[in-house]
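Take a look at the structure set out below.
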Amino acid sequence: MRVKNYLVSNTFYMFAYTISSSGLNAVFWWLAARLYSPDLVGLAVVLISMAQLLTTTAHLGMNFGLIRFLQETREKGKLLSTVLVTCISLGAGLGLVTILIGPYVSSSLLALHGNLSTAIYFLGLVIFMAIFQLSNPILVAINKADVFFGLSLAILLSRLILLLWGSSTQNSFSLLLAFSVPMFITGSFVLFFYLPRHVPGFSLRLGLDKVLWKKIRDYSLSSFAGNILHDLPYQIIPQVIANFGGLADAAYFYIPWTLSGLVITFSGTLSQSLFIEGATRPASFQRNQTKVLLASLAITSAGIIGLYLVGPFLLALFGPEYANLGMPILRILGLSVLPAAVVYHRVAILRVQNRTGEIIFIYGLILSLWAAFTFGLPIDLTASWISWCWLGAYLVTTPVIFLFRGRVQDAQR
């Protein structure tokens, strides 16, 4: 009964987080679209997306390594300190490099050279985003998913308050501050107050424990390769659209991109719960694989229907331009949600089985197909065409997964 309660509890709080974050994030960007010009919203989207890409890189896959190994490690405090110091240091280094050379690579990052305060803010955003996003696997691994849900809810509500409070200034910096200041405060709270009191022996100190680093290194780095291949298109697609169509086009694309992402987040949450179950309770993991897949497909199908029914009304709330330009994109992206749910479920199983090579293959194939369709075919680089390429990449990859799975099973027999 205790095993079942762990699965139910983790899944409940992760779903609660998914629902609240999806809804309140949608409200945040709705207010941003109503209060700020499309160019300012597009600039915020570009900078936040780039920060998320750097954060994923700085984690080196150790967010998955923590879930996999933290509970079984006796020296939890030393392991956490090693992981956090590594991620913070790497995030700071990547942030500085992006500030120095990013604008020469992508014109959408010119703001990092045009304003010193924006550059300093961006560096802080990368560091604290790395801290806060690591708090999710840390708190889940120590069975404190309810704490993470409470902290996340506080962040989401605070963002709305700050957005309304700073809207009179009408500059991108106030929009960025509204997004990030609650995360700065919460990340500091977790790092300096909560973890020292709830994880024995934890304190943030310079230096790495080589033994503990080696314990999670191989698993984390191989997971990182798959994770970065998964996250890369989500972060660079707004950059591509901004560079070829302008910041306003990035804003018009980002809203339907976010709405379709809300649906896939639910199947991602179920898959993550399955991964946590497999990392800590293998017997229950074996029993629940098929149930989780069926639940994921059912929820995803309902979400797609909901997108098609209420999508025009939701986009109209952001403004007439968002509705006219965003609805065709939303229809295309909505079709990609169902095969994405199948991919997420398969990846969760592969993570438990330590078959990270297959994860790298799956996400690498999706990224390669999207890039080949987007840049290799003689079509204009519009937001609609990029959306069609994204759908095509998933439609090709999903049957390949089952074909590859069947051959692996034959080889094992």
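Computed from a predicted model, the values in this text were never measured in an experiment. Just the heavy atoms: all of them, side chains too, but no hydrogens, waters or symmetry mates, feed the values below.
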Taking [Y]'s backbone N and O only, do any of them form a donor-acceptor pair with [X]'s side chain (distance below 3.5 Å, no angle check)?
X      : Y      : value
His59  : Ala130 : yes
Trp30  : Leu317 : yes
Ser135 : Phe132 : yes
His113 : Leu100 : yes
Ser107 : Pro103 : no
Ser49  : Val46  : no
Arg159 : Phe179 : yes

| message | What I want to check is whether the side chains of Ser106 and Gln239 have a donor and an acceptor closer together than 3.5 Å. | response |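 Yes - a donor-acceptor pair under 3.5 Å links their side chains.
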| task | Give the ring-plane orientation class for Tyr194 versus Phe189, where under 30° counts as parallel, over 60° as perpendicular and anything between as tilted. | result |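 If you compare the ring of Tyr194 with that of Phe189, the planes turn out tilted.
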| field | Derivation of the side-chain hydrogen bond (donor to acceptor under 3.5 Å, both in side chains) call for Tyr36 and Ser174 | value | CA-CA 10 Å; Tyr36 293 86; Ser174 63; 3.0 Å; yes
Taking every non-hydrogen atom, the tightest pair across [X] and [Y]:
X      : Y      : value
Ser158 : Pro182 : CB-CG, 3.6 Å
Ile99  : Ala119 : CD1-O, 3.2 Å
Tyr252 : Pro38  : OH-CG, 3.5 Å
Ile241 : Ile386 : CG1-CD1, 3.7 Å
Leu395 : Pro399 : O-CD, 3.0 Å
Ala51  : Leu125 : CB-CD2, 3.6 Å

Could you grab the distance from atom [atom1] of [X] to atom [atom2] of [Y], nearest 0.5 Å is fine?
X      : Y      : atom1 : atom2 : result
Leu134 : Met129 : CG    : CE    : 12.5 Å
Leu123 : Leu112 : CG    : CG    : 10.5 Å
Ile127 : Ile88  : CD1   : CD1   : 7.5 Å
Ile155 : Ile185 : CD1   : CD1   : 9.5 Å
Ile255 : Leu330 : CD1   : CG    : 11.0 Å
Leu139 : Leu195 : CG    : CG    : 6.5 Å

Close side-chain approach of [X] and [Y], heavy atoms under 4.5 Å:
X      : Y      : answer
Thr397 : Pro339 : no
Ile329 : Trp257 : no
Leu109 : Leu47  : yes
Leu43  : Leu176 : no
Ile366 : Phe361 : no
Tyr322 : Met327 : no
Leu84  : Leu191 : yes
Val126 : Leu94  : no

| said: Tell me if the centroids of the rings in Trp390 and Trp385 come within less than 6.0 Å of each other. | reply: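 Ring-ring flag for Trp390/Trp385: false, centres at least 6.0 Å apart.
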| query | Is the Tyr254 to Phe318 ring centre distance short of 6.0 Å? | reply |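 Not close enough - the centres of the two rings lie 6.0 Å or further apart.
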| When you look at Ser180 and Tyr121, which way does the side-chain hydrogen bond (donor to acceptor under 3.5 Å, both in side chains) test go after all the steps? | CA-CA 9 Å; Ser180 57; Tyr121 158 82; 3.1 Å; yes
| query | Does atom CH2 of Trp388 have more than 12 heavy-atom neighbours, drawn from other residues, nucleotides or ligands, at distances under 6.0 Å? | reply |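 For Trp388, atom CH2 is not crowded (no more than 12 foreign heavy atoms under 6.0 Å).
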| query | Does the pair Phe128 and Ser188 meet the rule for a side-chain contact (heavy atoms from CB on, under 4.5 Å), with working shown? | reply | CA-CA 8 Å; Phe128 279 91; Ser188 300; 3.2 Å; yes
| For Leu31 and Leu164, what are the C-alpha separation, side-chain angles and deciding distance, and is it a side-chain contact (heavy atoms from CB on, under 4.5 Å)? | CA-CA 8 Å; Leu31 287 173; Leu164 292 171; 4.1 Å; yes
| task | Kindly indicate, with the supporting measurements, whether the criterion side-chain contact (heavy atoms from CB on, under 4.5 Å) is fulfilled by Leu156 and Phe28. | result | CA-CA 8 Å; Leu156 294 165; Phe28 176 87; over 6 Å; no
| message | Would Val347 and Tyr363 count as a side-chain contact (heavy atoms from CB on, under 4.5 Å) here? Give the steps. | response | CA-CA 9 Å; Val347 166; Tyr363 286 137; 3.6 Å; yes
